[in-house]
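Everything below concerns the one structure shown next.
What you are looking at is a predicted structure, and each value in this text was computed from that prediction instead of being measured. Lettering follows sequence order; numbering is per chain, from 1. Computed from heavy atoms alone, side chains included, the values below leave out hydrogens, waters and symmetry copies.
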2 protein chains.
Amino acid sequence: MTVLDKKADASTPNYPIGSVDKALRLLRVLSEDRELRVSDASREIGVARSTAHRLLEMLQLHGFAQQDPLTRAYAPGPALLEIGLAALRNLDIREITRPVIEALVEEVQESAHLVILSGTEMFLIDAVESKQALRVGTRVGGRAPAYASAGGRALLAELPDDRVISMFPNEELEPVTPETLTSRTELIGELAKVRERGFAVCIAEVELDVATVGAVIPNGDRLTPAAITISIPRFRASEDDLTRLGHAAMRAARRCAGAA
Amino acid sequence: MTVLDKKADASTPNYPIGSVDKALRLLRVLSEDRELRVSDASREIGVARSTAHRLLEMLQLHGFAQQDPLTRAYAPGPALLEIGLAALRNLDIREITRPVIEALVEEVQESAHLVILSGTEMFLIDAVESKQALRVGTRVGGRAPAYASAGGRALLAELPDDRVISMFPNEELEPVTPETLTSRTELIGELAKVRERGFAVCIAEVELDVATVGAVIPNGDRLTPAAITISIPRFRASEDDLTRLGHAAMRAARRCAGAA
DNA sequence: CTGTTCTGTTCTGCATAGCAGAATAGGGGT
DNA sequence: ACCCCTATTCTGCTATGCAGAACAGAACAG
């Protein structure tokens, strides 16, 4: 499964703060590079070297950067690790789910994944590929709009409808493929079906050649809500296949809940 | 092993930027809490509600926060997950080392850990406790000065001496316990012994009742340098024990390298 | 229904904070 | 010695960031 990368879609604030904008842009740059020089930073965000230096020093004060005294270059700082470990606290669900997902892939001989909601998107946090020569490929860290993806839809179905409505304020939803559902009313109807059926089904809505089913791991409020998905090349996906896979996903999800 | 929590030890910059300071403080608050209201943020960082709102909106613009339209509270945004996971890319070493560390603990019946360098400190990123009734306890995320800890020393021994000297610019080092080595010259001498012996030994230098050995995972330049440590209650630690454990740590470290 | 309270959001005058550019400092090379 | 490069320090000045006031909306009580 190849999914789209997408930035956060917040609009510009009514009262922006220029210096904070620069600092946060720099933080993003720093988190993606292992090493950043003052002059690179200056060029990268379009400020004088003196300003870049001051911003980097502020990032260092708060632990987001650390300077190597020999090379004088700045690198990601301890605070990023701390944030990562805090985020991992939720991602420790992966340790619990990994063996279940591996067994599931053995059982159904298709690729399977673990996904969470992040903003209005689904976010892929673990993946196990089928051993078949032709299989759906995966990328941990990949994203897609929650409304278009089976895992995302399964997770949205756990929320009240008015929550979903406020997450997607426009009736018209941005299509990913020509098969993507593009109306919020239709989405709400789909979510009702997910609730009834117990799992979500998406055919060619994120990737034209891929069909996916998804089922939520029942776990009350203990951890970030997560879902298990199974992806299959579309040409292999009869209606019976998708039902069978949906039930397999549900069983695996229940096994994860029981293992926690 | 109980280790000290310590904030990043950067000093205040010569030319601080107040608005950036406020924004980064707020970012730290947000990364530790699931939900933050404008009025809470205002109180937390000591600014007017209008300023708190503007700062939160800037954080949202860059994906670090997201507001729930129903409750209007802000929560951590997708960018926190992204920068955290980017920092953890290096920490995927944990998946490789976990089984080796678990086998090590089975073998020596003492607690073992995986540590990295973070700034001038060692940072605990994985831990497996012994099943003995009396064992050294652990806390992932814990820190101690690199010069005082076995894992930190093992990692420092991989660096050139002049690098170590610039990391610790003062001859006098801050003691953690009355047994902590407090002179940089002595540290340099210790690091030479670590290189000769193949592993580091620290007795009561971080925690009075604990002795620890540490050995670096040989891995060239592929990943962040990491070390495996074994901690034992001091009263159980003869010199032969520490040598035996040091060799066990080295064997485990080599197995990790072979597994990568 | 009206009035009250609470919280988030918008607006604006003003003073000082943030900025760029210049100067300085330090290291390395010829 | 001089030159080059980069990080760091310094400072005048203007426009940015701030707090406080006003507004808007929701919820609750009588």
Side-chain angles (χ1 to χ4, degrees), chain A residues 10-27 29-30 33-62 64-75 77 160 162-163 165-167 169, chain B residues 10-27 29-30 33-62 64-75 77 160 162-163 165-167 169:
Chain A
S11 54
T12 305
N14 291 332
Y15 302 92
I17 303 174
S19 51
V20 172
D21 183 68
K22 293 183 188 91
L24 296 177
R25 278 196 286 129
L26 190 53
L27 178 57
V29 170
L30 188 61
D33 287 328
R34 261 292 350 126
E35 181 167 286
L36 188 64
R37 309 204 70 91
V38 170
S39 45
D40 294 334
S42 161
R43 214 179 308 114
E44 200 82 48
I45 61 171
V47 296
R49 280 178 302 158
S50 57
T51 299
H53 179 250
R54 292 176 71 199
L55 291 167
L56 284 166
E57 285 291 304
M58 289 311 294
L59 289 178
Q60 176 159 244
L61 173 63
H62 289 281
F64 293 106
Q66 58 191 349
Q67 187 180 33
D68 183 329
L70 270 190
T71 63
R72 296 184 305 174
Y74 289 80
D162 57 357
R163 178 71 191 281
I165 285 164
S166 63
M167 283 170 77
Chain B
S11 53
T12 304
N14 290 334
Y15 302 92
I17 303 173
S19 50
V20 171
D21 182 67
K22 295 183 187 92
L24 295 178
R25 277 197 285 132
L26 191 52
L27 181 56
V29 171
L30 191 59
D33 286 326
R34 270 268 18 112
E35 180 168 290
L36 189 64
R37 309 203 71 90
V38 170
S39 41
D40 295 333
S42 161
R43 215 179 306 115
E44 199 81 49
I45 60 171
V47 295
R49 282 180 301 158
S50 56
T51 299
H53 178 251
R54 292 175 71 199
L55 291 167
L56 283 166
E57 284 291 302
M58 289 310 295
L59 291 178
Q60 178 158 241
L61 173 63
H62 288 278
F64 292 109
Q66 56 190 351
Q67 187 180 34
D68 183 329
L70 272 190
T71 65
R72 296 182 305 174
Y74 289 81
D162 57 356
R163 178 72 190 280
I165 285 163
S166 65
M167 283 170 76

Do any side-chain nitrogens or oxygens of Tyr15(B) fall under 4.0 Å of OP1 or OP2 in dG18(C)?
no
Between Leu24(A) and Met58(B) the two heavy atoms that sit nearest each other are CD1-O, 3.7 Å
Check whether any side-chain nitrogen or oxygen of Gln67(B) sits under 4.0 Å from OP1 or OP2 of dT9(C), and answer yes or no.
yes
What string of B, S and - do you get for nucleotides 13-24 of chain D, 5' to 3', if B is base contact, S is sugar-phosphate-only contact and - is no contact with any protein heavy atom under 4.0 Å?
----SBBB----
Rounded to whole Å, the CG-P distance (Leu56(B) to dG8(C)) equals 9 Å
CG/Leu55(B) to CD1/Ile17(A) distance, rounded to the nearest 0.5 angstrom?
4.5 Å
Which atom names give the shortest non-hydrogen contact between Leu56(A) and Ala41(A), and what distance separates them?
CD1-CB, 4.0 Å
Between dC6(C) (C1') and Arg43(B) (CZ): distance, integer Å:
12 Å
dG26(C) C1' sits how many Å from Leu70(A) CG, rounded?
14 Å
Go ahead and write out DNA chain D as dot-bracket, 5' to 3': ( ) for pairs within the strand, [ ] for ones crossing earlier pairs, | when the partner sits on another strand, dots for unpaired; Watson-Crick or G-U wobble, both distances under 3.5 Å.
||||||||||||||||||||||||||||||
Looking at Ala65(A) and Leu30(A), what are the two nearest heavy atoms and their distance?
CB-CD2, 3.4 Å
Kindly indicate whether the side chain of Gln67(A), heavy atoms from C-beta on, has any atom under 4.5 Å from the side chain of Glu57(A).
yes
Please determine whether a side-chain nitrogen or oxygen atom of Arg37(A) lies at a distance below 4.0 Å from atom OP1 or OP2 of dA7(D).
yes
Tell me, please, which residues at least two apart from Arg37(B) pass side-chain hydrogen bond (donor to acceptor under 3.5 Å, both in side chains).
none
For Tyr74(A) and dT6(D), what is the distance between atoms OH and P respectively, to the nearest whole Å?
15 Å
To the closest 0.5 Å, what do you measure between CZ (Arg43(A)) and CZ (Arg49(A))?
10.5 Å
Side chain to side chain contact (heavy atoms under 4.5 Å, CB included) between Phe64(A) and Leu27(B), intermediate numbers included
CA-CA 11 Å; Phe64(A) 293 106; Leu27(B) 181 56; 3.7 Å; yes
Take atom CD of Glu57(A) and atom P of dC10(D), then tell me their distance rounded to the nearest Å.
14 Å
N or O in side chain of His53(A) less than 4.0 angstrom from dA7(D) OP1/OP2
no
If I take atom CG from residue Leu26(B) and atom CG from residue Leu36(B), how far apart are they, to the nearest 0.5 angstrom?
6.0 Å
